[in-house]
Each structure stands twice: as C-alpha cells, then as structure tokens.
Colleague: 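I'd like to ask you about the structure that follows.
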Amino acid sequence: MNYWLLKSEPDVWSWDQQCKVKSAEWDGVRNYQAAANLRAMRVGDEAFFYHSNIGKEIVGIVRVVKEFYTDPTDEIGKFVCVDVAAVRPLKRAVTLAEIKAKPVLSNIALIRQSRLSVMPITSEQWNIILKMSDK
DNA sequence: GCCAACGTTGGC
DNA sequence: GCCAACGTTGGC
C-alpha cells in the first residue's frame with residue numbers, strides 16, 4: 001500500500017466537508033504530474049489531507065475508495081479523479097512550518113514541489129508525520 | 001498584496 | 001523545437 005498527500009484549499013473543499021460525506025470525488029486536478037499520481041492510487045491507499053493557503057497544515061487522513069476514472073468536470077476528458085473517504089482527523093494538525101523545521105523531512109514533495117497538489121509520501125515520511133501529530 | 005516557482009500557450 | 005509572455009499556485 002502506498003501513501004499520498006492531497007492538497008485542498010479549505011474555502012473550496014475542507015476537511016470538515018470531507019468528514020460530512022461518505023466519500024468525495026477528488027476532481028479538478030489539471031496538472032499532468034498530479035494526474036499521474038492519481039492514476040497510481042489503489043483502493044486502500046491512504047493520504048494526508050492538507051489545507052493549503054489557509055492553515056497550511058495536515059489535518060486528517062483519507063483513504064482511496066475508488067480508483068481513477070475520467071474526471072466528469074473535465075470537458076476534454078483527459079484528466080482523472082479518484083474517490084476518497086475520511087478515515088480520521090489527526091490528533092493534532094501538523095503545520096508546514098513544523099515539517100520545514102524537520103531535517104529528515106527536507107526531501108518531502110510538499111516542500112520540494114510546492115505547487116504540486118497530489119504527491120507521493122514515503123512510508124518513512126508518513127510515520128514521522130504521524131508521530132508528530134501524536135504529541 | 002507580493003512574488004517565486006513553475007506550467008502552459010503561442011509566435012516564430 | 002525554442003523561448004518569451006503569461007497565468008496560476010501557494011507561501012509569506
């Protein structure tokens with residue numbers, strides 16, 4: 001199983017909204033690298049839910065419940081989306097500033113490719129961030 | 001509000 | 001196919 005990180009602007013789609021629904025379509029991705037990551041997701045993979053712009057922190061964990069299919073919001077039909085469901089909130093949100101301050105996380109795509117909205121997370125990075133959310 | 005990073009578009 | 005111009009993302 002693989003780990004991922006999904007970015008969302010909370011005034012467009014927030015963690016609270018995600019929690020209120022059984023599952024949600026992760027649509028609107030219009031970047032090839034992000035789309036390639038969506039295509040690589042498998043049912044059961046888990047992803048951090050990150051609030052960009054407002055908050056700038058990882059707030060929860062979602063699980064992929066439906067693998068990629070053509071994004072219905074894309075008129076050209078080139079891009080894909082997946083469905084995700086909330087698993088649980090983090091005990092404590094982990095901020096971008098904290099992640100930046102950790103040398104072991106300096107390779108994370110969140111920092112290295114600040115504009116990418118769907119990115120892979122290594123199991124090592126996943127566990128470090130989970131541990132940070134526990135304190 | 002600004003700007004760096006970076007992706008896309010279009011003229012040549 | 002190159003690259004300048006432009007648009008968008010997202011942190012600060």
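Lettering follows sequence order; numbering is per chain, from 1. Because the structure is predicted, anything quoted here is derived from the model rather than measured.
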Colleague: According to salt bridge (Lys or Arg N to Asp or Glu O under 4.0 Å), who are the partners of A:Asp134, at least two apart in sequence or on a separate chain?
Modeller: A:Lys91

Colleague: Taking ring-ring contact (aromatic ring centres under 6.0 Å, His included) as the cut-off, I'd like each qualifying pair that reaches into residues 85-129 of chain A, sequence neighbours left out, listed once.
Modeller: A:Tyr3-A:Trp126, A:Phe48-A:Trp126

Colleague: Of all residues at least two apart in sequence or in a different chain, which pass the side-chain contact (heavy atoms from CB on, under 4.5 Å) check with A:Ser14?
Modeller: A:Pro10, A:Asp16, A:Gln17, A:His51

Colleague: Kindly write out the residues that satisfy side chain to side chain donor-acceptor pair (under 3.5 Å) with A:Thr122, not counting sequence neighbours, or none if the list is empty.
Modeller: A:Gln125

Colleague: Reading DNA chain B from 5' to 3', where do the contacts with chain A start and stop? Cut-off is 4.0 Å to heavy atoms.
Modeller: B:dA5 to B:dT8

Colleague: According to ring-ring contact (aromatic ring centres under 6.0 Å, His included), does anything in residues 73-111 of chain A pair up with another residue at least two apart or in another chain? List the pairs.
Modeller: A:Tyr32-A:Phe79

